[in-house]
Q: 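Here you go, one structure.
These numbers were taken from a predicted model, which means no experiment stands behind them.
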Amino acid sequence: MKDSAESEGWLEQVAGLSAADRARARRLAAESGERLARALRRLGAASDAAIADALAAHCGLERAPADAFPQTPPPAGGAAAGFLSETLAAPLDEDGESVTLAVADPTDPAAADGVRLASGKRVILKVAAFADIEAAHARWRGGEAAGGLHSAIAAAAGESAADADQLKDLASEAPVVRLVSDIVADALKRRASDIHIEPFRDRLRLRFRIDGVLQDRTAPPPGLARLVASRVKILAGLDIAERRRPQDGRARLTIGGRALDLRVATAPTAHGESVVIRLLEDRDAEVKLDDIGLSKSHRALLEHQLEAPYGLILVSGPTGSGKTTTLAAALDRLNAPGRKLISIEDPVEYQIDGVNQIAVNPAIGLTFATVLRSVLRHDPDVIVVGELRDGETAEIAVNAALTGHLVLATVHANTAAGAAPRLIDMGVDPSLLRSTLRLLAAQRLVRVLCPSCKAETEPPKGLKRAFEARGCAACDQTGYRGRVGVFEFIETGDVVADTLREGVSAGEIESAARKAGAKSIHADARAKIEAGVTSAAEVFRVLGEV
């Protein structure tokens, strides 16, 4: 069926959605074959509430709030709970003539048609947020499973729980399996990058890192701490009997049709094992240079350097600063039939059609260095190295740039100027860097102000204009929705290249770059404050100064 709401432009009514995000949502829906509302939600560019408000307004339907769902589900004429959950619909009420049904996407007739056929009654539609419908189904399922969780808590409290086999059996039972799956699904739905599960003396703390900031979530009972940790360790292939040492592992899950890689880390604490789960979704949506927050001058400089036939481009920044996304956008720009592109990643985060993407696996000896040495025999034009983390990898990458390849790589350094000394400290010959290094970049991610509720405020000294976060339904009361990069680019012309020698400091390189006209990352951040993209408070949180 043709999506009538799409053709009439309901996307334009979604609060805080940019034209670029609308285009990305339509692209994703076309590529995946899913409904536009689901594609937009998967993209994470708008809140569930904003999507529901736009669909309800456009379709002329009543908006069902979160508290509209009953404690126990109406029978809905016998429609299967699994069908309702899959079609993202939930019954609100039922009488002799009609069923009132909340749906997340009123442009999809599947749920209403199914309930109409099952009940033989008229169906009255209302629109609810994706999250509210999912929460209702989880609550209804939870009522059935509550007894199982109570039994699990009681068993975990017993001495038998100290036995590894008993613990494994308890952690593999349906209530605990469903609980952990629900935690991961909730984190995915809320666009979290990490899940933190932390035991304390009398409570279990659950937090999600959303847009770079940790937020508390409703935690399971403290009696389940050991079972939750054990379930996660089973998924990641870790030793559940070992609770005295930190462990690291990986897991592969499919949640709601979305493939996830989980990177799991455990650590012993005074009150049990702390668990951190990094969520890495297989992303096949295109990432464009338009999407990452580059200014016009930065974009022009990057595009100019990407057209070079050979050389080295380094992107620096701490973990979680968006370096992988920047490299993915650069790959998209370079991706053409006339070029062979190979990327070496840990793990592969963005699926890019036309790029040969290789995931490293140190456990079997497949390191960055061994893969990089091998791919040089595959006649590449462009090579992307996920991280230069040791001298061997850095030396091979620099030599590849010297022998006619364009090499893009990330390196852990606090500033753009600090990337070159980092490679020299790894053992790279400075004279080779002078011949190959084309561009040094540094970046951080700052949260984007919600356009629905941001308000102009008194600007800090030296700025002409500034906005602050207020909070509304569209941004889940945080005042922010999504993140964007702030950047510093240093082009290594003659002035900067002359500083590259043994013992050079980042300060010397930065001083030379400023003389050559390179602007600091703070200048880019201040421009984004004045443009209303982010707030001074957010820039201070990320960079330490405005």
Side-chain angles (χ1 to χ4, degrees), residues 16 18 20 191 193 209-215 289-302 315-323 325-326 410 412-419 439-472 474-491 505-546:
S18 68
R191 303 175 298 105
S193 60
R209 188 175 294 279
I210 302 171
D211 291 337
V213 178
L214 283 171
Q215 298 181 16
L289 291 178
D290 287 335
D291 302 331
I292 63 176
L294 293 170
S295 66
K296 289 182 179 179
S297 60
H298 280 157
R299 174 167 179 165
L301 176 56
L302 179 57
V315 182
S316 62
T319 300
S321 59
K323 301 187 296 295
T325 302
T326 297
T410 74
H412 280 291
N414 287 328
T415 63
L439 184 68
L440 295 165
Q443 68 179 86
R444 299 291 190 275
L445 291 176
V446 295
R447 289 181 294 172
V448 177
L449 284 166
C450 173
S452 297
C453 63
K454 69 179 180 182
E456 195 158 358
T457 187
E458 184 71 23
K461 185 178 180 181
L463 295 183
K464 299 175 182 177
R465 201 177 185 198
F467 296 79
E468 63 180 357
R470 288 289 177 86
C472 66
C475 59
D476 295 329
Q477 305 303 323
T478 64
Y480 299 94
R481 183 74 187 180
R483 289 189 291 175
V484 72
V486 288
F487 299 88
E488 175 182 7
F489 283 2
I490 296 176
E491 196 169 17
S505 69
E508 290 178 72
I509 296 174
E510 188 168 344
S511 177
R514 296 290 172 265
K515 290 178 182 177
K519 294 183 179 179
S520 71
I521 195 170
H522 294 90
D524 190 38
R526 287 193 289 270
K528 287 182 168 67
I529 293 172
E530 290 188 328
V533 174
T534 191
S535 67
E538 175 65 5
V539 168
F540 184 82
R541 182 187 71 83
V542 174
L543 297 178
E545 61 178 290
V546 178

Q: Using modelled atom types and a 3.5 Å cut-off, is there a donor and acceptor pairing between side-chain atoms of T410 and backbone atoms of V315?
A: no
Q: For A417 versus I490, what's the shortest heavy-atom pair and its separation?
A: N-CD1, 3.9 Å
Q: Charged N to carboxylate O below 4.0 Å: is that the case for K528 and E530?
A: no
Q: Just how far is it from atom CD of Q443 to atom OG1 of T326, taken to the nearest 0.5 Å?
A: 3.5 Å
Q: Going through the checks in order, is the side chain to side chain donor-acceptor pair (under 3.5 Å) test met by Y480 and S535?
A: CA-CA 10 Å; Y480 299 94; S535 67; 2.7 Å; yes
Q: I'd like to know if the side chain of D211 and the backbone of R447 have a donor-acceptor N/O pair within less than 3.5 Å.
A: no
Q: Do V546 and H522 have side-chain heavy atoms sitting under 4.5 Å apart?
A: no
Q: So which atom in L302 and which in L289 form the shortest heavy-atom distance, rounded to 0.1 Å?
A: CD2-CD2, 3.9 Å
Q: For a 4.5 angstrom cut-off between non-hydrogen side-chain atoms, does T534 reach R483?
A: no
Q: Can you see which heavy atom on A442 is nearest to which on A416, and at what distance?
A: CB-N, 3.2 Å
Q: Quick one: salt bridge (Lys or Arg N to Asp or Glu O under 4.0 Å) pairs with a partner in residues 505-522, sequence neighbours left out?
A: E488-R514, R501-E508, E510-R514
Q: State whether the side chain of S316 and the backbone N or O of T415 hold a donor-acceptor pair below 3.5 Å, judged by distance alone.
A: yes
Q: Can you list every pair that meets side-chain hydrogen bond (donor to acceptor under 3.5 Å, both in side chains) and has a residue in residues 451-464, with sequence neighbours left out?
A: E456-R465
Q: Would V446 and V484 satisfy side chain to side chain contact (heavy atoms under 4.5 Å, CB included), going step by step from the backbone distance to the final call?
A: CA-CA 6 Å; V446 295; V484 72; 3.9 Å; yes
Q: Begin from the C-alpha positions of E538 and V448 and carry the test side chain to side chain contact (heavy atoms under 4.5 Å, CB included) through to its verdict.
A: CA-CA 9 Å; E538 175 65 5; V448 177; over 6 Å; no
Q: Take V533 and L449 through the side chain to side chain contact (heavy atoms under 4.5 Å, CB included) test and state the conclusion after the steps.
A: CA-CA 6 Å; V533 174; L449 284 166; over 6 Å; no
Q: What closest approach, in Å, do A536 and P460 show between heavy atoms, and which atom pair accounts for it?
A: CB-CG, 3.6 Å
Q: Do you know which two heavy atoms are closest between C475 and T478, and how far apart they sit?
A: O-OG1, 2.8 Å
Q: Under 3.5 Å, is there a donor-acceptor pair between the side chain of E491 and the main chain of L301?
A: no
Q: Ignoring hydrogens, what is the shortest heavy-atom contact between R444 and L543? Give both atom names and the distance.
A: CG-CD2, 3.7 Å
Q: Classify the angle between the aromatic ring planes of F487 and H298 as parallel (below 30°), tilted (30 to 60°) or perpendicular (above 60°).
A: perpendicular
